[in-house]
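Below is one structure; the comments refer to it alone.
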There are 2 protein chains.
Amino acid sequence: MAKGRPKKELDSSTESIIKEAARKVFHQKGYAATRTRDIAEEAGLNLALLNYYFKSKEKLFEIITFETLFNFMNTLGIVFHDENSSFEEKIEALATRYIDFLSNEPDIPLFIISAVRNNPESFANKIPIKNMVLQSVFYKQFLEKSERNEITDTNPLQLLLNLMGFIIFPFIAKPIFENVTGTKEKQFQDMMNERKALIPMWVKNMIRP
Amino acid sequence: MAKGRPKKELDSSTESIIKEAARKVFHQKGYAATRTRDIAEEAGLNLALLNYYFKSKEKLFEIITFETLFNFMNTLGIVFHDENSSFEEKIEALATRYIDFLSNEPDIPLFIISAVRNNPESFANKIPIKNMVLQSVFYKQFLEKSERNEITDTNPLQLLLNLMGFIIFPFIAKPIFENVTGTKEKQFQDMMNERKALIPMWVKNMIRP
DNA sequence: GTCTATAGGGGGATAGAC
DNA sequence: GTCTATCCCCCTATAGAC
């Protein structure tokens with residue numbers, strides 16, 4: 001375990017150090033506002049090394065964007081395609097996993113949304129997200145429920161939007177929310193953990209009031 | 001009506017033209033990614049005029065940010081403080097107004113969120129949003145309902161988060177959503193209009209399942 | 001591979017003519 | 001008030017020493 005080279009990341013090669021630094025800074029500030037100097041400084045390395053390993057700021061950004069997006073969507077894919085869990089279990093798993101994930105990396109939603117917005121076409125081509133959702137076990141389970149009249153005519157796309165909104169929106173709105181309500185970091189986190197149980201309930205009430 | 005000078009905007013003074021152009025470009029691309037040259041071009045005017053009227057890119061951005069934020073929060077304030085409407089009516093009014101508003105200006109949520117994120121302290125000082133929510137008629141009506149046991153112990157902050165998420169999240173997620181589901185502009189807009197009636201229902205189910 | 005030094009270009013801001 | 005021309009800094013990228 002100590003000997004076998006780790007399959008990914010966390011090795012201390014210069015390349016990985018730069019990538020980690022780039023990830024951090026890009027996630028925080030987005031493409032336009034980050035300077036390559038910020039990344040070099042964050043990495044504790046010289047600016048010239050970025051170009052040596054990654055050719056340009058843009059290439060480096062593309063790599064980070066792809067990995068971030070893939071990572072994010074993969075979590076969704078794994079849960080959505082699980083043959084051995086019920087519809088309800090999937091919702092609970094999704095809420096729990098993503099809330100834990102986003103609690104550690106709250107900048108990711110805004111980063112992804114901005115990246116896609118600035119480059120919608122490249123996004124569509126790189127990751128087969130369409131299939132990830134519309135051909136998932138989750139989606140099929142929803143349609144089956146609907147056919148068995150266990151659902152009071154709810155548009156599945158509205159449901160999907162709300163489900164993802166329940167999970168993601170608080171992290172996006174966090175800075176404003178904390179300002180408006182006077183909530184502090186810890187309270188916010190408590191609320192997010194509360195939502196792991198609340199979201200499945202809300203979704204249930206939504207499809208079967 | 002034609003003679004009385006309009007109280008605000010839409011006059012064709014150079015200053016207003018620049019501001020409108022700045023609003024458009026800043027909303028679309030954010031601070032870091034817009035060049036003052038973009039704004040000048042959008043306005044059909046010379047670059048030097050921006051500095052003549054607004055001193056610097058940063059000052060111009062501050063003005064746009066303040067006005068955008070004020071405008072957005074004001075809509076919320078008006079609805080939340082209405083003494084003559086019920087709790088349920090307020091939710092419906094909020095959904096309808098904001099969905100119409102955001103349908104015309106879908107870039108605003110992301111703009112505001114990014115602006116606040118990059119400058120949280122200046123945000124808190126400029127607009128008394130805290131009072132706007134926590135001392136609103138809306139909030140009081142919620143607490144009264146809660147005391148009369150018309151609500152099955154729902155955290156008001158969770159409700160607030162969900163209500164705003166129902167309205168705002170779709171517009172933030174729009175580029176990704178359209179990609180993932182293959183939805184087109186018109187379908188998306190139909191879904192948003194559908195939500196004007198759905199949101200009050202969802203909220204109702206949330207506090208009284 | 002890693003550094004220092006610098007080229008090269010872009011973008012915010014201003015001088016000065018009209 | 002509005003324009004053209006230009007300054008000058010900052011940032012990305014690269015050349016070249018070690």
Side-chain angles (χ1 to χ4, degrees), chain A residues 5-6 8-68 111 114-115 117-119 122, chain B residues 5-6 8-68 107 111 114-115 118-119 122:
Chain A
R5 177 206 283 173
K8 244 193 170 186
E9 320 292 348
L10 290 181
D11 52 314
S12 55
S13 68
T14 302
E15 192 174 337
S16 292
I17 291 171
I18 293 173
K19 239 168 72 174
E20 274 319 302
R23 198 185 316 278
K24 187 173 171 186
V25 180
F26 279 140
H27 283 181
Q28 255 176 42
K29 315 212 286 183
Y31 181 76
T34 90
R35 303 172 308 153
T36 51
R37 281 168 164 81
D38 298 333
I39 296 172
E41 194 180 347
E42 175 68 34
L45 290 169
N46 190 275
L47 173 59
L49 286 170
L50 302 212
N51 295 299
Y52 178 76
Y53 281 102
F54 296 98
K55 194 67 188 168
S56 74
K57 179 187 176 185
E58 205 181 341
K59 297 269 185 211
L60 182 51
F61 183 76
E62 274 173 26
I63 291 169
I64 300 300
T65 303
F66 177 81
E67 289 191 4
T68 302
F111 172 83
S114 302
R117 223 186 83 112
N118 296 333
N119 213 338
S122 88
Chain B
R5 178 204 284 172
K8 243 191 172 187
E9 321 290 347
L10 290 182
D11 54 313
S12 56
S13 68
T14 303
E15 193 174 337
S16 291
I17 291 171
I18 293 173
K19 240 168 71 174
E20 274 319 301
R23 198 186 314 281
K24 186 172 171 188
V25 181
F26 278 140
H27 283 181
Q28 254 177 41
K29 314 211 287 184
Y31 181 77
T34 88
R35 304 172 308 152
T36 51
R37 285 167 164 79
D38 297 334
I39 296 172
E41 195 181 345
E42 174 70 32
L45 291 169
N46 191 275
L47 173 58
L49 287 170
L50 302 211
N51 295 299
Y52 178 76
Y53 281 102
F54 295 99
K55 193 65 189 169
S56 73
K57 178 187 177 186
E58 206 181 340
K59 297 271 185 209
L60 181 52
F61 183 76
E62 275 174 25
I63 291 170
I64 300 300
T65 302
F66 177 81
E67 289 190 3
T68 302
D107 292 333
F111 173 82
S114 301
N118 294 334
N119 213 341
S122 86

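Values reported hereafter were calculated over all heavy atoms of this structure, with side chains retained and with hydrogens, waters and symmetry mates removed.
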* Asked: Taking NZ from A:Lys57 and C1' from C:dG10, how many angstroms apart are they, rounded to a whole number?
  -> 12 Å
* Asked: Could you give the CD-to-P distance, from B:Glu58 to D:dC10, as a whole number of Å?
  -> 14 Å
* Does a side-chain heavy-atom distance below 4.5 Å link B:Ile64 with B:His27? -> yes
* CG of A:Asn51 versus P of D:dG16: gap in Å, rounded? -> 16 Å
* Whole angstrom value for the distance that separates C1' of C:dG12 from CZ of B:Phe61 -> 16 Å
* To do: Taking the side chain as every heavy atom from C-beta outward, state whether B:Val25 and B:Glu41 have any atom pair closer than 4.5 Å.
  => no
* Could you tell me which residues satisfy side-chain hydrogen bond (donor to acceptor under 3.5 Å, both in side chains) with A:Glu62, sequence neighbours excluded, listed by chain and number? => none
* Structure fact -> In whole angstroms, the gap separating C1' of D:dA13 from CZ of A:Phe54 amounts to 16 Å
* Structure fact -> Protein-proximity profile, nucleotides 2-9 of chain C, B/S/- by nucleotide at the 4.0 Å heavy-atom cutoff, equals BBB-----
* **Residues that A:Tyr31 engages under ring pair (Phe, Tyr, Trp, His ring centres under 6.0 Å), provided they are two or more places apart** => A:Phe61
* Could you pull out the closest heavy-atom pair between B:Leu50 and B:Thr36, with the gap in Å? => CD1-O, 3.6 Å
* Answer yes or no: is there a side-chain heavy-atom contact under 4.5 Å between A:Leu60 and A:Phe26? => yes
* **Spacing between A:Lys59 atom NZ and D:dA13 atom C1', to the nearest angstrom** => 14 Å
* Asked: Which whole-number value in Å describes the distance from B:Leu50 CG to D:dT4 P?
  -> 14 Å
* Using a heavy-atom cut-off of under 4.0 Å over every strand shown, decide if B:Ser13 touches base, sugar-phosphate, or nothing. => nothing
* Value in whole Å for how far the P atom of D:dC11 lies from CD1 of A:Ile39 -> 13 Å
